[in-house]
Protein chains: 2
Amino acid sequence: MPEAQPEVKKRADAQANYARILEVALAALTADPDASLNSIAKTAGVGAGTLYRHFPTRDHLVVAAYRHEVEELVDAAYSPWIAELNPVAALRTWFDRMAQYGMTKAGLMSALDAATKSVPFERAEIHGLLTAAIAHLLERGQQAGELRADLTAEDVLLAVGFLWRLDPASDWRPQAARLLDLVVDGLRAQ
Amino acid sequence: MPEAQPEVKKRADAQANYARILEVALAALTADPDASLNSIAKTAGVGAGTLYRHFPTRDHLVVAAYRHEVEELVDAAYSPWIAELNPVAALRTWFDRMAQYGMTKAGLMSALDAATKSVPFERAEIHGLLTAAIAHLLERGQQAGELRADLTAEDVLLAVGFLWRLDPASDWRPQAARLLDLVVDGLRAQ
DNA sequence: ACCTGAACACCGTTCAAGT
DNA sequence: ACCTGAACACCGTTCAAGT
């Protein structure tokens, strides 16, 4: 159950800028995942240097902008209404939620996409959050003997990576359902 | 069984430039999938405009540069030694080959990656080639009653998309094997 | 017909100068 | 401490001028 680390005290204007950049970045990246950092800085009314001071790389900004969404998704894996479901249904339901998030936030898809690659530093944060959530759901099913024990959370994250390669403009739901059925079925013991 | 379309007669220097750009692009993109077009033009000894005359977009160049590799992969799907295998083994063996290609050519991975997204124009070409090859292997198994009939070639392409999100620097083979087992198992009838 | 390469608008990133 | 915004090196792309 990941928790936001205690914020270091910053000067008031720095805090306000940080918040404003994040707010603008979320909107801009949702509209266009390739939005330029300069344009985000300009829209936020700060100098380019200020953006770089707070977010040394593009990844830092993307990760921070979608932290909320990712945390919501991750928290859902530990929620009581997920715990009530049997392990297989819990996993499947959580993946459905994952698809929803990915399809409504274009920029979030980039972040999740990067999360399936094993790259250093910031991207690893989302990767870690997601694999921890998957591991939690996976272990429940493995202990109950309902899910295969020879697959890791990383394996599963890769296997459902198709979720953010679907076309949001298309009728993606039936395709997502077919493929999730295939994967979740493959995760069953025996 | 896709075939290269008959080349339109071009001036000799244009043909030579075309070939040289492609040669340089293959090497450059393999080394770094984000290699700049200007740097490729410079290395090829042509002006930037010449590169754009032959390849109006980056996608055109990437697709053309890896045409050979993709065609080799696609042709393998129709090869006699694949035809000798039972349908499930044929599919699995072909996916193994796909992983090999993806892991040794960084730029090819970008092209394949784009191929799983339904984007217009040039990228659709690789998508079409790959889905045709998959459809061929799929239909053999479906007619033999060994593979599920409710999945399309597009579904399968998405399902194995993890192959080009593996980390070439890591020990990816066991992970690819685990996940391919999972998918191919899910494709089996019943 | 085709090529060159300077030019344009833009990008990410840095850093002196300000408060 | 933190911010600004001009500056730098680079990118993709265009297009007048050449052959």
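Here the structure is a predicted model, which is why all the values come from computation and not from measurement. We name chains A, B, ... by the order of the sequence lines, and we start the count at 1 in each one. Worth knowing before you read on, the calculation uses all heavy atoms, side chains too, and leaves out hydrogens, waters and symmetry mates.
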Item to complete: For Tyr18(A) and dA1(D), give me the distance from atom OH to atom C1', rounded to whole Å.
Response: 17 Å
Worksheet entry | Protein-nucleotide distance (Lys42(B), atom NZ; dT4(C), atom C1'), rounded to Å | 13 Å
Worksheet entry | Within residues 25-57 of chain B or reaching into it, pairs that qualify as ring-ring contact (aromatic ring centres under 6.0 Å, His included) - sequence neighbours excluded | Tyr18(B)-His54(B), Tyr18(B)-Phe55(B)
Worksheet entry | Nucleotide nearest Ala14(A) when distance is taken to its side chain, options dC3(D), dC2(C), dT4(D) | dC3(D)
Worksheet entry | Close side-chain approach of Glu69(B) to Leu26(B), heavy-atom, < 4.5 Å | yes
Worksheet item: Separation of Arg20(A) atom CZ from dT4(D) atom C1', in whole Å?
Response: 16 Å
Item to complete: Please confirm whether the backbone N or O of Val74(B) pairs with a side-chain atom of Trp94(B), one donor and one acceptor, at under 3.5 Å?
Response: no
Discussion item. How long is the straight-line distance from CG of Leu163(B) back to CE of Met109(B), given to the nearest 0.5 Å?
Written reply: 10.0 Å
Worksheet item: Which heavy-atom pair separates Val160(B) from Met98(B) by the least distance, and what is that distance?
Response: CG2-SD, 4.4 Å
Discussion item. Could you check whether any side-chain heavy atom of Leu187(B) comes within less than 4.5 Å of a side-chain heavy atom of Arg92(B), counting everything from C-beta outward?
Written reply: no
Response to the item:
CD1 of Ile134(A) to CG of Leu151(A), rounded to nearest 0.5 Å, is 11.5 Å
Item to complete: May I have the distance from Ile40(A) (atom CD1) to dC10(C) (atom C1'), rounded to whole angstrom?
Response: 15 Å
Worksheet, complete the sentence: Rounded to whole Å, the CG-C1' distance (Asn17(B) to dA1(C)) equals 12 Å
Item to complete: Verify the contact: side-chain N or O of His54(B) to OP1 or OP2 of dC3(C), cut-off strictly under 4.0 Å; return yes or no.
Response: yes
Worksheet item: When Watson-Crick pairs (N1 to N3 and N6-O4 or O6-N4) and G-U wobble pairs (N1-O2 and O6-N3) count only below 3.5 Å on both distances, what is the dot-bracket string of DNA chain C, with | for other-strand pairs?
Response: ||.|||||...|||||.||
Fill in: Minimum side-chain heavy-atom gap Leu130(B)-Leu73(B) below 4.5 Å
yes
Item to complete: At under 4.0 Å between heavy atoms, which parts of nucleotides 12-19 of chain D does protein reach? Answer with one letter per nucleotide, 5' to 3': B base, S sugar-phosphate only, - none.
Response: BBBB----
Fill in: Whole angstrom value for the distance that separates C1' of dC3(C) from CG of Asp13(B)
8 Å
Practice prompt. Inspect the contact between Arg178(B) and Asp181(B) and indicate whether a charged nitrogen and a carboxylate oxygen are less than 4.0 angstrom apart.
Written response: no
